[in-house]
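Notes for the one structure printed next.
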Amino acid sequence: MAVMNVNPTRMQLSKLKKQLTTAVRGHKMLKDKRDELMRQFLDLIRETRDLREKVEAELEHCNAHFVNASAVMSKEALDAALLSPKQQIGVQIGSKNVMSVEIPQFETETRTADKGDIFPYGFAFTSFELDDAVTSLDTVLPDLIKLAQYEKSCELMSAEIEKTRRRVNSLEHVMIPRNQETIKYISMKLEENDRSSRTRLMKVKDMLLDKAHHYSA
């Protein structure tokens, strides 16, 4: 690891030691954050996988009902029955902070509280298969919205984990070793300068003693 291009002074040495202390503390905090993010991410991945399997099964069930409805009703009658929906669903998007990651929170509300408003048609000219299809679609919708929330949360947490991992690696493999090498280099330089200074002082002392002895003789 190459040392930093700095002047080998005591002030610079003190500054680098403070930076190293901060970097080591930051490295530990980022590692803890990465590990906790990873734990929560894996928990969320498992929940997302289970919910996706549930949603796919519900959608398959819903699709089967629509296939049955299309088998007993003409395309024109089916299109006319679903042309003008009575119910509306609004999605409010909030957020929750998880280890500095703002993950989305979706909340839904219907325009009316009447459960019968999911049927946008009268029952006289439609089949019960269509009723089952609309009911199953109404059932799967909350899980579908929750799945979207979970998958977006996984995406955001994955990006934060990768960013944190890069920072940890940068501190662990670049900044901290470089600071340690530079501190070692400066310490050796200062020790070398101290030895040189002591050697010069001893020589000057010896010269002065010899001169003093010469004059006394």
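Small disclaimer: the values here were computed from a predicted structure and weren't measured.
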Is there a donor-acceptor pair under 3.5 Å between the side chain of [X] and the backbone N or O of [Y]?
| X | Y | result |
| --- | --- | --- |
| Asn7 | Thr9 | no |
| Arg111 | Gly90 | no |
| Thr135 | Asp131 | yes |

[Y] and [X], any side-chain heavy atoms less than 4.5 Å apart:
| X | Y | result |
| --- | --- | --- |
| Asp143 | Leu147 | no |
| Leu83 | Tyr121 | no |
| Glu155 | Glu151 | no |
| Val91 | Glu107 | no |
| Ile89 | Glu109 | no |
| Thr110 | Gln88 | no |

Derivation and outcome, side chain to side chain donor-acceptor pair (under 3.5 Å), residues Asn97 and Glu102: CA-CA 5 Å; Asn97 190 294; Glu102 294 292 331; 2.9 Å; yes
Side-chain donor-acceptor pairs of residues 15-24 under 3.5 Å, sequence neighbours excluded:
from	atom 1	to	atom 2	distance (Å)
Thr21	OG1	Lys17	O	3.0
Thr22	OG1	Lys18	O	3.0

Should we count [atom1] of [X] as having more than 12 external heavy atoms under 6.0 Å?
| X | atom1 | value |
| --- | --- | --- |
| Gln105 | CD | yes |
| Glu36 | CD | yes |
| Met4 | CE | yes |

Examine the side chains of [X] and [Y] and answer whether a donor and an acceptor come within less than 3.5 Å of each other.
| X | Y | value |
| --- | --- | --- |
| Gln87 | Thr112 | yes |
| Ser100 | Lys33 | yes |
| Asp50 | Tyr150 | no |

So which atom in [X] and which in [Y] form the shortest heavy-atom distance, rounded to 0.1 Å?
| X | Y | value |
| --- | --- | --- |
| Ala133 | Cys62 | O-SG, 3.8 Å |
| Pro8 | Tyr185 | CB-CE2, 4.5 Å |
| Ser153 | Pro104 | OG-CD, 3.5 Å |
| Pro120 | Ser84 | CB-O, 3.2 Å |
| Thr108 | Ile145 | CG2-CD1, 3.3 Å |

So, taking the atom named [atom1] in [X] and the one named [atom2] in [Y], what distance separates them when rounded to the nearest 0.5 Å?
| X | Y | atom1 | atom2 | answer |
| --- | --- | --- | --- | --- |
| Arg10 | Ser187 | CZ | OG | 9.0 Å |
| Ser70 | His65 | OG | NE2 | 13.0 Å |
| Glu129 | Leu78 | CD | CG | 11.0 Å |
| Thr164 | Asn169 | OG1 | CG | 11.0 Å |
| Gln180 | Ile183 | CD | CD1 | 7.5 Å |
| Ile103 | Lys152 | CD1 | NZ | 12.5 Å |

Evaluation steps, side chain to side chain contact (heavy atoms under 4.5 Å, CB included), between Arg165 and Glu162: CA-CA 5 Å; Arg165 185 189 66 80; Glu162 178 61 23; 2.5 Å; yes
When hydrophobic residues are tied together by side-chain contacts of less than 4.5 Å, even through go-betweens, does [X] share a cluster with [Y]?
| X | Y | result |
| --- | --- | --- |
| Met29 | Ile176 | no |
| Ile118 | Phe123 | yes |
| Leu51 | Val98 | yes |
| Phe41 | Val101 | yes |
| Leu171 | Met99 | no |

Test log, rule side chain to side chain contact (heavy atoms under 4.5 Å, CB included), inputs Lys163 and Arg167: CA-CA 6 Å; Lys163 185 167 66 174; Arg167 289 176 177 174; 4.1 Å; yes
For His27, all residues meeting ring-ring contact (aromatic ring centres under 6.0 Å, His included), sequence neighbours excluded: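 So His27 forms no ring-ring contact (aromatic ring centres under 6.0 Å, His included) with any residue.
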Steps toward salt bridge (charged side-chain N to carboxylate O under 4.0 Å, His left out) verdict (Asp79, Lys75): CA-CA 6 Å; Asp79 290 344; Lys75 183 179 184 302; 2.9 Å; yes
Residue from Val134, Leu141, Val140 passing side chain to side chain contact (heavy atoms under 4.5 Å, CB included) with Leu137: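 Only one option passes, and that is Val140.
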Working for salt bridge (charged side-chain N to carboxylate O under 4.0 Å, His left out), residues Arg39 and Asp35: CA-CA 6 Å; Arg39 184 188 67 79; Asp35 294 343; over 6 Å; no
Side chain to side chain contact (heavy atoms under 4.5 Å, CB included) assessment of Phe66 paired with Asp132: CA-CA 8 Å; Phe66 273 107; Asp132 291 341; over 6 Å; no
Test side chain to side chain contact (heavy atoms under 4.5 Å, CB included) applied to Arg178 and Thr182, step by step: CA-CA 6 Å; Arg178 186 172 59 189; Thr182 305; 4.3 Å; yes
